[in-house]
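Accompanying notes for the structure given below.
Chain A is the first sequence line, chain B the second, and so forth, proteins listed ahead of strands; every chain is numbered from 1. The shown structure was predicted, so the numbers you read here are calculated from the model rather than taken from an experiment.
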Amino acid sequence: MNFERELAELNEYQRAAVLDENAACIVSAKVGSGKTTVLISKVLYLHDQKKVPYEDMVVLTFTNKAAGEIRERLAAKESSLSPEQLQGFGTFHSVALHLLRDVLPVEELGYEPGFTVIEPDEEVELALQIIEEEKLQIKYKNRLKKRLEQERTLYEQGKKETRYGDDLFVLMHRLGQEKLRQNKFTFRDLLRVSNFLLRRLVAEGEKEKFHPAWIIVDEVQDSDDIQIEFMEHLVVLGAKLFAVGDPNQVIYTWRGSRSNIFYQLKERFGARELTLPINYRSSGAILAAAKCFQQNPGELTGARTRGEKLRIRRHYNAFGEAQYLAAEIRGLMESGVACREIAVFYRLQSQSEILEKVFTGESIPFEVSVKKTIQDIPVLNWFLKVLRFSCNEKDAPAGVKALADKQYGEIRSAKRAREIIESVVTEKAERGRQKSGSESSQPADEHEGLTEKMCGFAEYFAEDCLENVIVDPAYVYDYFELDRYLKPTAARYSEDREYVWNLLERMITFALEQGLGFLEGFRLFLNSSALYGVQILQKEVNLQADSVKLMTLHASKGLEFSHVYIIGVNFGLIPLRTGDFETEDEERRLFFVGMTRAKDYLELSYYTNPDQVRVAPGESRYLQMIPRELVEGGVEEVRFEKTDLQKLRKEVEKSARVQPLAMLFGGGGAGKSAEESAGEPADKPVGETAEGSAEMKHGKMPRVRHAKYGVGTITSEDETMVTAEFENYGEKQFIKAFSELEYL
DNA sequence: GTCCATAGGGTCCGG
DNA sequence: CCCTATGGAC
């Protein structure tokens with residue numbers, strides 16, 4: 001039997017979790033212990049052995065990515081899965097969306113089933129509009145987004161006074177009315193309204209309307225109150241609970257999850273607690289070091305041998321380190337390590353900048369993980385608004401924004417745009433009322449403006465909609481005469497066009513997949529595009545691409561690499577803040593998460609002369625917490641000469657342009673710039689590299705010795721690199737300033 | 001309208 | 001720690 005084999009591949013702990021019969025079970029899955037494997041096996045076990053249909057399971061994740069992974073791994077094991085069967089599989093928000101659309105009676109609250117999900121920014125815009133119209137007194141308007149999020153709980157608890165004694169609660173009330181009127185849900189509303197209707201379902205004993213057999217939750221430690229409540233309602237409706245998570249990986253308390261969540265869950269659901277204590281990912285040394293940062297020092301056992309020790313390196317500053325990393329990574333590449341197995345983690349997004357510059361200059365293939373949403377791509381932001389008003393004339397605000405867009409719109413003033421849209425909408429409504437069979441549905445005139453095109457869209461495509469004729473983005477592209485707005489002369493034209501094209505293709509495919517007409521499919525897509533915003537853009541998710549990954553420690557969660565470099569382990573940066581203990585604990589967990597991403601090699605580094613203010617020059621005490629016997633050769637300093645570094649830095653700054661032939665080995669002192677002599681005196685050389693380069697001018701092939709590669713001969717060089725042929729290793733490239741080569 | 005003291009936020013970033 | 005929006009004093 002197929003499932004028997006599946007079970008045989010699990011260890012005893014994993015097997016126990018999969019086979020557990022309790023009504024509620026919480027699995028404390030230690031880092032790298034096969035959490036997702038267990039989760040998938042559980043689903044398969046319930047389906048194959050317990051004959052629970054997939055339709056009766058609710059499988060909840062926090063990210064679209066995790067949801068996608070689960071679907072994918074499931075599809076690999078079970079081929080004939082239909083989308084309907086997996087409607088309960090997704091993020092908390094997408095499952096709530098499904099419930100509100102297809103199961104729960106939202107119309108009883110005054111919403112229509114075709115509601116739109118809006119992004120936080122849109123709620124803020126709506127709020128600002130209300131503030132203006134009603135002359136509300138709101139303090140800190142520039143931080144409205146944060147205030148709406150943070151002070152919402154106070155409002156919901158029925159508090160009278162706002163934090164700053166202003167009209168914020170009046171605003172929240174009006175905002176609620178306005179969202180209802182415009183048929184819009186925020187992310188939070190999805191869960192809040194779901195919870196409200198589920199609670200009512202329970203209270204009125206109408207359990208037959210929705211009664212999942214199982215809820216299975218991934219990364220349960222990230223749940224906030226509203227999500228726990230959602231789980232609770234499903235449990236009350238009769239579902240059994242299986243939740244998997246790790247209290248040591250709570251790094252998002254600032255957005256609502258709490259570190260004692262595991263304890264809370266056990267109390268609330270009377271759950272049995274199991275553990276998955278065996279880590280399969282990291283080498284023994286890495287795991288042992290990481291264990292120093294475990295918060296709940298429960299059982300955590302490694303399955304691997306000790307492996308290579310960690311390294312701790314000291315660099316002068318981030319630039320020197322970037323040079324070093326470039327050389328180091330090149331070395332790894334040459335020794336056959338795939339780029340995709342190498343990652344550099346840092347605490348702050350801004351730290352990637354210098355790495356990007358240097359890696360670009362050194363031709364190291366890399367990719368920076370930056371949060372990308374629709375908002376970050378202006379053309380899509382604009383075009384989605386165009387489509388939203390086109391498909392739904394009730395969404396006048398979208399029409400106004402499309403029309404008044406600074407870059408792609410037609411009308412300068414937002415006020416004027418609003419007037420135009422309003423008049424067109426009322427005019428259209430009137431014409432509809434006195435509809436005499438006259439031929440009003442003319443195709444859009446070629447020279448009409450955007451307003452007319454948006455208003456005529458639904459009518460124009462109505463017939464095609466019936467026959468599903470639209471399969472080519474060109475129809476829509478031409479209808480809007482998009483070239484008039486994207487402006488072929490603009491520098492970003494081809495990129496913009498590709499984005500738009502891509503989006504249209506996706507929307508058409510979506511409509512076809514859903515078995516809906518073109519227009520209906522578009523509407524449904526647009527209504528929930530906020531929830532899947534990032535996925536729309538995923539032309540390629542490049543975890544597979546062969547490039548070095550640069551990301552923040554936060555972003556590293558859930559990933560693994562064979563070689564990991566955590567940089568800037570300075571006090572003041574890792575941990576970021578000092579002072580209060582709550583956040584300090586979180587920093588420790590964050591560091592733990594980062595370290596445990598590494599499979600085979602982990603290197604930690606800090607700066608003696610950090611460029612950023614508020615970063616202390618010394619090593620973080622986190623480094624002192626790691627037992628020395630796990631560290632190769634104590635702290636190794638990467639030595640260099642400061643003037644070389646400054647020269648290199650200037651080159652890199654310029655490298656966007658054509659690289660000038662740097663006079664690195666010209667006459668003595670040629671590299672000394674005015675600022676340099678005016679600034680603080682250059683440090684005394686601490687390395688031995690200066691003499692070496694002088695020697696090479698004479699065209700000799702100097703013999704060198706390197707601590708790691710042994711004795712060799714220089715074979716070639718340019719301004720920045722030296723290549724040497726080693727007797728026992730082969731060819732190796734070094735950055736001159738860091739070569740650590742001893743010239744014989 | 002301008003000045004200035006000061007409270008409070010900033011980094012991290014899911015849906 | 002540093003920056004700045006805020007709002008009262010003038």
Side-chain angles (χ1 to χ4, degrees), chain A residues 60-68 90-98 100 117-123 137-147 149-151 163-166 185-194 217-224 226-227 230 245 249-257 345-353 369-376 528-536 551-558 568 570-580 582-591 593-594 610 612-617:
Chain A
L60 301 169
T61 62
F62 280 82
T63 64
N64 282 312
K65 196 171 123 205
T91 61
F92 274 87
H93 293 89
S94 72
V95 171
L97 177 69
H98 157 61
L100 293 172
V117 181
I118 59 171
E119 295 185 47
D121 283 342
E122 193 173 336
E123 189 184 27
Q137 288 302 311
I138 302 289
K139 291 187 181 180
Y140 302 107
K141 277 209 278 289
N142 54 328
R143 290 197 288 269
L144 193 57
K145 191 170 164 185
K146 199 143 228 173
R147 285 198 67 193
E149 199 182 302
Q150 289 180 342
E151 294 172 55
R163 201 161 153 199
Y164 305 102
D166 57 5
F185 280 69
T186 61
F187 293 136
R188 189 185 165 87
D189 293 336
L190 289 173
L191 291 173
R192 222 197 57 237
V193 176
S194 292
V217 188
D218 191 20
E219 303 276 16
V220 72
Q221 78 282 354
D222 283 338
S223 321
D224 62 14
I226 205 167
Q227 286 159 330
F230 187 79
Q249 292 185 67
V250 175
I251 57 173
Y252 287 126
T253 55
W254 46 269
R255 68 179 188 218
S257 60
F345 303 155
Y346 35 83
R347 181 62 181 81
L348 302 180
Q349 212 50 271
S350 61
Q351 289 175 266
S352 71
E353 198 187 317
S369 149
V370 274
K371 192 180 81 166
K372 260 203 174 174
T373 70
I374 299 271
Q375 309 285 325
D376 300 327
S528 34
S529 66
L531 263 190
Y532 309 105
V534 192
Q535 288 190 326
I536 294 172
M551 65 186 82
T552 62
L553 286 166
H554 282 93
S556 75
K557 191 172 172 217
N570 281 63
F571 195 71
L573 200 51
I574 298 178
L576 187 61
R577 278 170 301 194
T578 55
D580 87 73
E582 272 293 308
T583 48
E584 165 74 65
D585 278 351
E586 184 135 324
E587 293 288 312
R588 221 171 79 185
R589 292 190 294 264
L590 187 58
F591 194 55
V593 166
Q612 301 117 303
V613 264
R614 92 171 157 232
V615 176

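Distances were taken from every side-chain heavy atom of D224(A) (C-beta onward) to each of dG15(B), dC12(B), dG14(B); the shortest belongs to dG14(B).
Not a single donor-acceptor pair under 3.5 Å links the side chain of Q227(A) to the backbone N or O of F92(A).
Across the protein-nucleic acid pair, I251(A) atom CD1 and dC12(B) atom P stand 13 Å apart, rounded to whole Å. To the nearest angstrom, C1' of dG14(B) lies 12 Å from NZ of K145(A). The CZ atom of R147(A) sits 9 Å away from the P atom of dG9(B) (whole-angstrom rounding). Atoms CD1 (I138(A)) and C1' (dA5(C)) sit 16 Å apart, rounded to a whole Å. Taking atom CG of D121(A) as the reference point, atom P of dG15(B) lies 15 Å away to the nearest angstrom. The distance between atom CE of M551(A) and atom P of dC13(B), rounded to the nearest whole Å, is 11 Å. For the pair F591(A) CZ and dC12(B) P, the interatomic distance rounds to 18 Å; values are reported in whole Å. Spacing between atom CD of Q349(A) and atom C1' of dC12(B) amounts to 9 Å, rounded to whole angstrom units.
Along DNA chain B, the nucleotide nearest to F187(A) and the one nearest to K146(A) differ in position, and the one closer to the 5' end is contacted by K146(A).
Here T91(A) does not reach the OP1 or OP2 of dG14(B): none of its side-chain N or O atoms lies under 4.0 Å away.
Nucleotide dC13(B): unpaired (no Watson-Crick or G-U wobble partner with both distances less than 3.5 Å).
At a cut-off of 3.5 Å, with distance as the only test, a side-chain donor of E219(A) or Q221(A) sits close to an acceptor on the other residue. Between T253(A) and E586(A), the side chains place a donor N or O and an acceptor N or O closer than 3.5 Å (distance only, hydrogens not considered).
When all heavy atoms of M551(A) and S369(A) are compared, the closest pair comes out as CB-CB, 3.7 Å.
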